[in-house]
Amino acid sequence: MTVTSALAAWLGARSDDQLVHLLQLRPDLAVPLPSSMTVLAARAEQRASVLRATDDLNTLDFALVETLAVHGATRAPGDSTPLTRKALHAQLKGRATKAAIEESLDRLTARALVWLDRDDLHLIAAAAEALPWPMGSSTELPDALTEAESAAALAEITPAERALLEKLASTGPRGRTRDAAPSTPPDRPVQQLLARRLLHRVDDETVELPITVGQVLRREPVTHPHALMPPKPELTKHAPADVNAVAAGEVGELLRHCADILEVLGQAPAPALRAGGLGVRELRRIAKQTGVDEMRAGLLVELLAAAKLIEKGQPDPPPDYDSVDDFWAPTPAADGWLDGPPARRWTVLAMVWLELDRMPWMIGMRDANDKPLAALSLELRTPTAPRDRRAVLELLAEYPSGAAVDPADIGRILAWRQPRRRRHFRREAVENTVREAAELGLVGRGALGSPARALLHGGVTSTADAEVAMEAALPAPVDHVLVQADLTVIAPGPLTAELQQRVALVADVESAGAATVYRIGEASVRRALDAGLTAAELHTLFATHSRTPIPQALTYLIDDVARRHGRLRAGMAQSFVRSDDPTLLAQVLAAPVASALALRAVAPTVAISQAPLGEVLEQLRAAGFAPAGEDSAGAIVDLRRRGARISVRPNARQAYRPTPPSTEQLELLVAELRAGERAASARSGQSVRTDGTRTSTAATLALLQLAARVRRPVNIGYVDASGVASQRVVEPLKVGNGQLDALDPVTGAVRHFTLHRIASVALLE
């Protein structure tokens with residue numbers, strides 16, 4: 001019996017649930033639908049499929065694979081004795097527990113990488129090619145430098161020697177050189193490295209880079225293949241309430257900074273690079289205007305772009321400066337996001353970051369051409385980013401609430417669990433992932449917060465649960481402020497949405513944080529009056545919401561600005577200026593600003609100008625006057641500049657992510673596979689193969705009608721609507737109206753087949 005036949009027999013003996021689990025772990029085996037277990041076994045042995053199936057194996061799994069491969073490679077010629085389960089336990093005794101070895105065997109057999117013949121273990125040949133280290137690394141006792149010894153030795157070598165090691169670390173551990181021979185002069189670089197044990201000599205022309213040295217050079221987490229038990233990290237305990245409080249504080253800063261970036265881009269859209277990204281100068285401008293560092297600004301613009309809150313295109317209204325290029329500006333969705341409750345706004349950003357297939361922390365790094373990587377550029381895209389990001393957070397979720405893990409330990413654990421992907425868990429990658437998670441309020445004090453745990457839980461309700469958890473963690477909004485004698489207003493916490501909007505209208509933010517400080521001035525009061533508020537409404541606002549007495553200076557300031565506000569009115573002529581006080585208008589016409597605006601009196605109380613209304617208001621205010629804008633009915637209108645908005649492109653390409661088949665679909669697939677296997681193994685008696693002629697069609701109908709009368713099973717060859725041919729064993733019940741109604745002998749369900757798609761019929765003995 002061939003290996004494929006033996007594997008097919010073992011697969012056929014597996015239960016339906018085990019086959020479904022196999023196809024969930026290795027979905028490529030099911031496309032297209034295999035017609036028999038032999039076909040399934042042949043696919044399971046293919047190298048490409050095996051390499052994909054080994055991506056998630058841990059160090060212990062690979063140690064078992066290597067042990068089986070070494071046993072097969074060291075057998076004497078003609079010896080076909082496989083390794084038994086008992087012998088495997090004996091070889092790994094003391095390095096892993098019996099339970100751990102059995103769990104590892106279960107993982108390998110579930111993926112059909114190892115199959116059993118009673119107590120004998122058989123390895124799929126291609127699995128040995130998937131080892132993440134040279135053959136023998138886990139089965140032989142280690143004789144190499146430790147991490148500390150490797151780092152110390154590397155610090156003493158010359159640049160030429162280090163370049164040689166880095167070449168091996170990036171291309172492959174083995175290299176061929178004549179300098180490996182013992183007769184080579186000892187001052188040669190290879191001989192120097194051999195003497196320091198930074199290289200191992202394989203033969204006179206071959207050297208090999210030790211695993212630990214390669215990991216140190218690549219800045220990977222250092223774990224040895226011989227260590228078959230996972231590393232145990234040192235946990236730092238924090239109170240869960242403290243973790244949630246720190247995370248909630250970061251969320252407040254996150255939402256405020258995102259709102260500031262939307263405001264900055266709305267007032268001055270950022271020109272996009274020709275390649276589509278955001279230039280270094282523009283990112284620096286955004287960071288300066290919002291008061292954050294450039295690294296944080298890069299992360300936030302990446303999040304806002306992924307959430308479709310900013311987009312690239314031509315904004316409306318267009319920027320003041322002419323350009324044919326695209327700009328980065330907020331979308332209409334940004335207004336709805338800004339009006340939402342804080343917990344919901346956070347959930348949007350957190351979900352976007354978890355699914356973001358980009359690496360924002362790489363912004364500013366140098367590419368292969370020594371050019372800095374720009375924010376929002378294509379070079380930042382990394383398809384494995386969501387998977388690696390979730391791996392880090394899900395590891396933190398395995399530990400109790402409030403338990404913090406050092407990023408170095410996170411990298412070592414993940415490298416042990418997924419040694420084929422260990423380069424994804426370099427220290428800088430893990431540290432930056434944890435830092436970004438902290439800036440988003442998912443992590444506090446190095447531990448995972450309750451909202452993040454709810455978000456990682458998955459399922460339809462995970463987002464709602466995370467929103468509820470974050471709402472509980474965030475401080476309750478306050479409905480009062482503290483007005484000081486120096487005309488500052490202190491908000492002792494996050495204000496309610498309505499109060500925050502009104503305070504932001506009449507005062508300017510002086511410093512932000514857990515407690516926000518606003519300052520009231522003549523310009524800010526005028527801004528509130530321009531928006532339609534009256535002096536009485538402003539007095540009522542502070543009298544109602546201030547927990548401190550209203551200073552007299554504030555009352556005088558509001559009354560003074562309100563008394564002068566609106567005595568002079570400006571409108572469209574292109575623009576006009578009017579006042580009920582002819583003396584005031586004459587004073588304006590006599591001022592130098594009248595010449596700059598080309599004002600011309602058309603009545604004692606009215607003057608017109610060809611300058612835009614916004615310019616008229618701006619220059620009159622700069623000249624010391626206090627005009628207010630009005631509409632055609634004479635009512636004061638809000639002339640504050642509106643931020644630019646850009647429509648989201650409906651044809652924007654989304655990253656393709658295939659939907660894995662459901663359990664029900666896989667169960668049906670396994671049932672079809674079983675039916676094909678029964679049909680292939682059934683012994684046929686009388687048979688008819690249709691060729692489309694009237695005679696063969698009549699013979700097919702006659703044979704099916706005979707089988708229906710005597711209730712005898714048949715093996716039919718059927719071609720479905722997709723053109724896929726298969727063999728099925730069924731019991732015909734009724735033939736008529738161009739259709740065969742038949743009973744599936746396994747499931748007991750009645751199935752319907754179109755007669756003209758039946759290619760062959762054979763009675764079963």
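- With sequence neighbours left out, Asp367 forms a side chain to side chain donor-acceptor pair (under 3.5 Å) with no residue at all.
- Residues Lys308 and Glu311 are paired through a salt bridge, judged by an N-O separation under 4.0 Å between the basic side chain and the carboxylate.
- Considering only residues two or more places apart in sequence or on other chains, Arg387 meets the side chain to side chain donor-acceptor pair (under 3.5 Å) condition with none of them.
- Interatomic distance, CG of Leu380 versus CZ of Arg358, reported as 5.0 Å (0.5 Å rounding).
- Here the CH2 atom belonging to Trp353 is positioned 4.5 Å from the CG atom belonging to Leu393, to the nearest 0.5 angstrom.
- Atom CZ of Arg274 is surrounded by 12 or fewer heavy atoms from other residues, nucleotides or ligands within 6.0 Å.
- Within a 6.0 Å sphere centred on CZ of Arg547, other residues, nucleotides and ligands contribute 12 heavy atoms or fewer.
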*Run the numbers on Glu379 and Ser377 for side chain to side chain donor-acceptor pair (under 3.5 Å), then give the verdict.*
CA-CA 5 Å; Glu379 289 80 4; Ser377 62; 3.3 Å; yes
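- Salt bridge absent: Asp530 and Arg526 never bring a charged side-chain N and a carboxylate O closer than 4.0 Å.
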*When you look at Glu439 and Arg435, which way does the side-chain contact (heavy atoms from CB on, under 4.5 Å) test go after all the steps?*
CA-CA 6 Å; Glu439 292 184 10; Arg435 177 187 57 79; 2.9 Å; yes
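- Between Gln484 and the options Ile490, Val517, Ile520, Leu554, a side chain to side chain contact (heavy atoms under 4.5 Å, CB included) holds for only Ile490.
- The residues Glu253 and Arg296 are annotated as not salt-bridged, no charged nitrogen and carboxylate oxygen being separated by less than 4.0 angstrom.
- Checking Ser524 against Asp508 by side-chain atom types alone, no donor-acceptor pair falls below 3.5 Å.
- Counting all heavy atoms, side chain and backbone alike, Ala259 lies closest to Arg345 at CB-NH2, 4.4 Å.
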*Step by step, would you call His238 with Val246 a side-chain contact (heavy atoms from CB on, under 4.5 Å)?*
CA-CA 11 Å; His238 300 286; Val246 171; over 6 Å; no
